[in-house]
Amino acid sequence: MRALGKTRRTGRTIGVGPAAAALAAALVVAAPAVAAPARDTARTPHWALKDSGTDARFRGLSAVSRDTAWVAGSKGTVLRTVDGGAHWRNVSPPGAGDLEFRDVEAFDARRAVVLAIGEGEASRVYRTEDGGSTWTESFRNTDARAFYDCLTFLDRRHGLAVSDPVDGRFRILSTSDGGRSWKVLPADGMPAAQDGEAGFAASGQCLVGAGPRDVWLATGGGATARVLHSADRGLTWTAADTPVPAGDPARGVFALAFRDRAHGLAVGGDYRADQASPRAAATTPDGGRTWTTADRPPPAYRSGVTWLPHSRGSALAVGPTGTDLTTDGGRTWSGLDTGSFDTVDCTPDLGCWASGEKGRIARLER
């Protein structure tokens, strides 16, 4: 989607209270093999800010482990850490200073793919195999009507990117060689878009996958906020309405997270700071066929969401006004932190990272 408002909130706010205690318990339960002794659970989980050395806004984030993470953002900026955020190396592609990177998908510390958004040739894909020392431009959009928002990888070879509708249907770009080459998939398996419907390039999470073939696409701007699902790597799609408010270019589902093929979370709302965001979260138990409003959603717009690793019920959602935690699969959310973040991602070794405006990058610590 072509525009996103900006809100400002900075500062190092430590998580306190019941939500932080619940998160501590969730982290211990999630990975008993690596958890601290029970007496240490009183140490409050919180976002520990890392010095990125830049004021770029990082809406793209890919966490590889507790030690390794990549971020991608404004002014063509790509950073990578391999020491838990103590140091960040600027690995931005040469000549990309005018581009807006909104998504990054990393396979490890050396291989990653980044997406630049925008109309026409501003939408591009770059790939590195040497930790960002060199980059190859593997796709440049030549259709002035297309505007790519997000990308995702289902495994190390198969990935997809999505553009806002062209000729009345979302356009899907596909790779089967790890992002080295891309092709536009046929549109006949894609349902017609609603008037004004588009994706949000807010957190790199408007297109997500689970398993080798399933992928989901979040939308907004139309009469209803929808989630589209494909079970065949983007060839055919079905659409389902969600209860997240839409009907305006600033409203809809901004981010999705699926812990398996069935159980998913949707967050969003209205990104304008002066507008309320009721019913800004929903859950699905059936792969996105039906969606139910959270009983107690986050109190404001949220642009990013991720499941805690090895957990059946715990997840984090982030936005410009804070971080929220659920421990019951998305039915109820509680405030954890009031710092501003745009996106969030966790790894199997309990490495949870968040990033956002003014160079803010943080790792969850206990």
Side-chain angles (χ1 to χ4, degrees), residues 1-11 13 15-19 22 47 57 59 102 149-150 194-206 217-227 240-257 264-284 290-306 315-344 354-358 360:
M1 183 168 282
R2 286 151 176 73
L4 275 177
K6 293 184 178 181
T7 58
R8 180 181 180 185
R9 191 169 184 115
T10 59
T13 305
V16 295
W47 289 119
R57 186 166 195 166
R59 294 185 183 272
R102 293 292 180 93
D149 297 302
C150 297
Q194 304 173 96
D195 290 343
E197 191 175 25
F200 290 105
S203 61
Q205 295 177 330
C206 70
L217 164 62
T219 81
T224 60
R226 303 196 297 175
V227 173
D241 292 344
T242 78
V244 176
D248 184 280
R251 297 191 200 122
V253 176
F254 281 70
L256 298 168
L265 303 170
V267 300
D270 190 318
Y271 70 68
R272 295 170 295 192
D274 60 343
Q275 298 295 313
S277 290
R279 295 178 286 136
T283 64
T284 180
T290 61
W291 292 86
T292 302
T293 304
D295 294 335
R296 188 174 71 225
Y301 156 70
R302 295 293 179 254
S303 56
V305 64
T306 189
L316 296 169
V318 300
T321 61
T323 301
D324 299 287
L325 166 72
T326 179
T327 57
D328 56 13
R331 290 188 295 275
T332 61
W333 295 84
S334 300
L336 181 71
D337 183 281
T338 57
S340 173
F341 294 109
D342 292 317
T343 189
V344 62
S355 64
E357 64 179 342
K358 297 190 177 298
R360 282 171 59 88

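Please read these numbers as outputs of a predicted model, since none were measured by experiment. Residue numbers start at 1 and run along the sequence shown.
- Partners of D295 according to the side chain to side chain donor-acceptor pair (under 3.5 Å) rule, which considers only residues two or more places apart in sequence or in another chain, do not exist here.
- Shortest non-hydrogen contact noted between T343 and R59 is CG2-O, 3.5 Å.
- Partners of T293 according to the side chain to side chain donor-acceptor pair (under 3.5 Å) rule, which considers only residues two or more places apart in sequence or in another chain, do not exist here.
- The heavy-atom pair separating D149 from R102 by the smallest distance is O-CB, 4.5 Å.
- The aromatic rings of F254 and F200 lie parallel to each other, with less than 30° between the two planes, well short of the 60° mark.
- Side-chain contact between F341 and L316: absent, with no pair of heavy atoms (C-beta onward) separated by less than 4.5 Å.
- Evaluation of the side chain to side chain contact (heavy atoms under 4.5 Å, CB included) rule for A280 yields S277 as partners, not counting sequence neighbours.
- Residues G222 and A246 approach most closely at O-CB, 3.4 Å, considering heavy atoms.
- Although no hydrogens or angles enter the test, the distance criterion places no donor-acceptor pair under 3.5 Å between the side chain of T219 and the main chain of G199.
- Contact between W291 and D241 at its shortest, heavy atoms only, is CD1-O, 3.8 Å.
- Between the side chains of T292 and R331, not a single donor N or O lies within less than 3.5 Å of an accepting N or O.
- Shown here are the salt bridge (charged side-chain N to carboxylate O under 4.0 Å, His left out) partners of D270, two or more places apart in sequence or in another chain: R251, R272.
- Between the side chain of Q205 and the main chain of V344, a donor-acceptor pair closer than 3.5 Å is present.
- Contacts of V253 classified as side chain to side chain contact (heavy atoms under 4.5 Å, CB included), with partners at least two apart in sequence or in another chain: A218, A225, T242, V244, L256, A266.
- The environment of D195 atom CG is sparse: at most 12 non-hydrogen atoms of other residues, nucleotides or ligands sit within 6.0 angstrom.
- Remark: T290 pairs with D286 by the side chain to side chain donor-acceptor pair (under 3.5 Å) rule, at least two apart or across chains.
- Qualifying side chain to side chain contact (heavy atoms under 4.5 Å, CB included) partners for A257, counting only residues two or more places apart in sequence or in other chains: V305, W307.
- Looking at residues two or more places apart in sequence or on another chain, you find a side chain to side chain contact (heavy atoms under 4.5 Å, CB included) between P298 and A281, R302, D324, W333.
- For the residue pair A255 and G304, the shortest heavy atom distance occurs at CB-CA, 3.8 Å.
- Side-chain contact between Y301 and P320 is present, with at least one heavy-atom pair separated by less than 4.5 Å.
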Exercise. Does the pair R296 and S334 meet the rule for a side-chain contact (heavy atoms from CB on, under 4.5 Å), with working shown?
Worked result: CA-CA 8 Å; R296 188 174 71 225; S334 300; 3.0 Å; yes
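- Applying the side chain to side chain donor-acceptor pair (under 3.5 Å) test to R279 and every residue at least two apart in sequence or in another chain returns nothing.
- Within the 3.5 Å criterion, the main-chain N or O of S303 finds a donor-acceptor partner in the side chain of S203.
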